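Worksheet for the structure shown next.
Nothing here was measured: the structure is a model prediction, and the numbers come from that model. Each ligand, and each atom within it, is numbered from 1 in the order the structure gives.
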Amino acid sequence: MNRQKKIIAVVGATGAQGGGLVRSILADPEGEFTVRAITRDTSSDKARQLAAAGAQVVAADLADPAAVARAFAGAHGAYCVTFFWNHMSPDQERAEAQALADAARTAGVQHVIWSTLEDSRRWVKLDDPRMPTLLGKYKVPHFDVKGEADACFRASGVPTTFLLTSFYWDNLIHFGMGPKAGPDGRLYFALPMGDRPLPGIAAEDIGRCAHGIFKRGQEFFDRTVGIAGEHLTGAQMAAGLTRVLGREVVHQHVPFETYRALGFPGADDLGNMFQFNHDFADDFCRARSVDFARSVNPRLQRFDDWLAAHAREIPIG
Ligand SMILES: NC(=O)c1ccc[n+]([C@@H]2O[C@H](COP(=O)([O-])OP(=O)(O)OC[C@H]3O[C@@H](n4cnc5c(N)ncnc54)[C@H](OP(=O)(O)O)[C@@H]3O)[C@@H](O)[C@H]2O)c1
């Protein structure tokens, strides 16, 4: 009976992380949860599809804390994620995280999953010259502000799981990171990671892991957990791409300074991010356990699984 089910309110329900969670809960009709999908526009095609698939769909913009609190009312759990790349403002992201934490407390939510990342300044102090300080007080703004915002959830008193996510392999499709043709006819996959491994994941699996964490509940209250589908070097990813595309794909390391200077919005933030992921790869990988991810999501995909399903969607430049 739907009435007896616990509601999981999902921020970003029409997007990558939240969408995976919504689909995972809807695919488990005998499970203990029902889903409330939060969107800014309940009339969009994606929102209508979620409603048709059985989700309750409600409107809230993270810029409107009162609307977020209404959207969380009566929910057992809340999946909280912020959208840095829509505005690229750490101040806005911090305010939105605070609004989410406040709304969860006001609504009496019993379990929050906060989609977070490391505050890189724990590893690289602001006066460390190896990478530039950005916006006066960050090294990797879109990481640092999420890590900083962990404190908002701790202070809220709401039982929270701090979920460290990984690089989406879907960036090869949606973020312009697919292989590009070189003058020699070979394809080049640019990933500024040198020979260090990068934890990656199929974006869909983030929500599936979150579903598994909500199911096990109390075990993960006030804990930080990290997930990945695999930890792969650029060369290993290029080999996977070669197998599936039937054309040689060569991994290309891009020097961090070069990446930072590419000139697109956020290039400096991402250049610092790759350098942080590279220089502290042991810590970064250790914090994202493939075994843990599989324990909460037995369908966890490896890179080859993701490629088998999505290679045709990767734009080849
Ligand atoms: N790309 C990566 O490799 C990666 C890896 C780890 C972490 N991340 C982090 O993931 C976060 C983004 O998550 P995502 O990829 O799931 O996002 P996404 O796919 O871009 O989805 C965003 C969804 O959230 C909704 N949304 C956007 N702004 C909103 C607002 N102000 N209020 C309420 N809803 C809003 C939008 O839905 P409507 O239009 O329906 O409202 C949209 O469908 C970023 O902060 C990024 O740093 C990314």
Side-chain angles (χ1 to χ4, degrees), residues 9-23 36-51 55 57-72 78-90 92-100 103 113-120 138 140-149 162-177 191 193 198-210 226-229 237 265-266 269-270 272-274 276-277 284 287-288 293 306:
V10 181
V11 177
T14 59
Q17 297 190 25
L21 175 56
V22 170
R23 285 182 285 278
R36 181 181 294 160
I38 300 173
T39 172
R40 291 165 301 175
D41 179 5
T42 56
S43 67
S44 73
D45 287 348
K46 285 182 177 176
R48 285 170 187 270
Q49 282 165 17
L50 295 180
V57 178
V58 303
D61 190 313
L62 297 192
D64 180 352
V68 180
R70 282 194 299 276
F72 282 4
Y79 187 76
C80 295
V81 54
T82 44
F83 309 102
F84 184 85
W85 298 108
N86 288 8
H87 48 74
M88 293 196 241
S89 160
Q92 184 173 336
E93 188 156 46
R94 190 183 307 96
E96 292 180 350
Q98 185 68 64
L100 289 166
I113 297 179
W114 161 233
S115 177
T116 190
L117 291 166
E118 287 90 343
D119 184 338
S120 68
Y138 301 103
V140 186
H142 78 284
F143 271 51
D144 298 350
V145 72
K146 288 185 181 68
E148 212 174 80
F162 301 86
L163 179 64
L164 294 167
T165 59
S166 289
F167 174 88
Y168 308 170
W169 292 323
D170 308 68
N171 291 336
L172 274 64
I173 301 172
H174 304 297
F175 216 73
M177 295 191 69
L191 189 74
M193 283 298 295
L198 177 67
I201 195 163
E204 189 75 10
D205 276 324
I206 297 175
R208 290 176 183 165
C209 290
I227 52 172
M237 291 180 73
D269 186 334
L270 290 173
N272 281 7
M273 176 194 81
F274 281 119
F276 170 62
N277 294 351
F284 199 69
R288 288 160 174 78
W306 180 85

Inset, instruction - Would you indicate whether the side-chain heavy atoms of V11 and F72 approach each other to under 4.5 Å? - result: yes
Legend entry - Sub-4.0 Å heavy-atom environment of ligand 1, residues by chain: G12, T14, G15, A16, Q17, T39, R40, A60, D61, L62, V81, T82, F83, F84, W85, N86, E93, H142, K146, T165, S166, F167, Y168, N171
Inset, instruction - Mind checking side-chain contact (heavy atoms from CB on, under 4.5 Å) for A99 and listing every partner two or more places apart, or none if nothing turns up? - result: P65
Inset, instruction - List in chain and number order the residues that pass ring-ring contact (aromatic ring centres under 6.0 Å, His included) with F274, two or more places apart in sequence or in another chain; answer none if no residue qualifies. - result: Y259
Legend entry - Smallest separation among heavy atoms of V57 and A47, with atom names: CG2-O, 3.7 Å
Inset, instruction - Classify the angle between the aromatic ring planes of F84 and H142 as parallel (below 30°), tilted (30 to 60°) or perpendicular (above 60°). - result: tilted
Inset, instruction - For E93, enumerate each residue passing the salt bridge (charged side-chain N to carboxylate O under 4.0 Å, His left out) test, keeping only those at least two apart in sequence or located in another chain. - result: K146
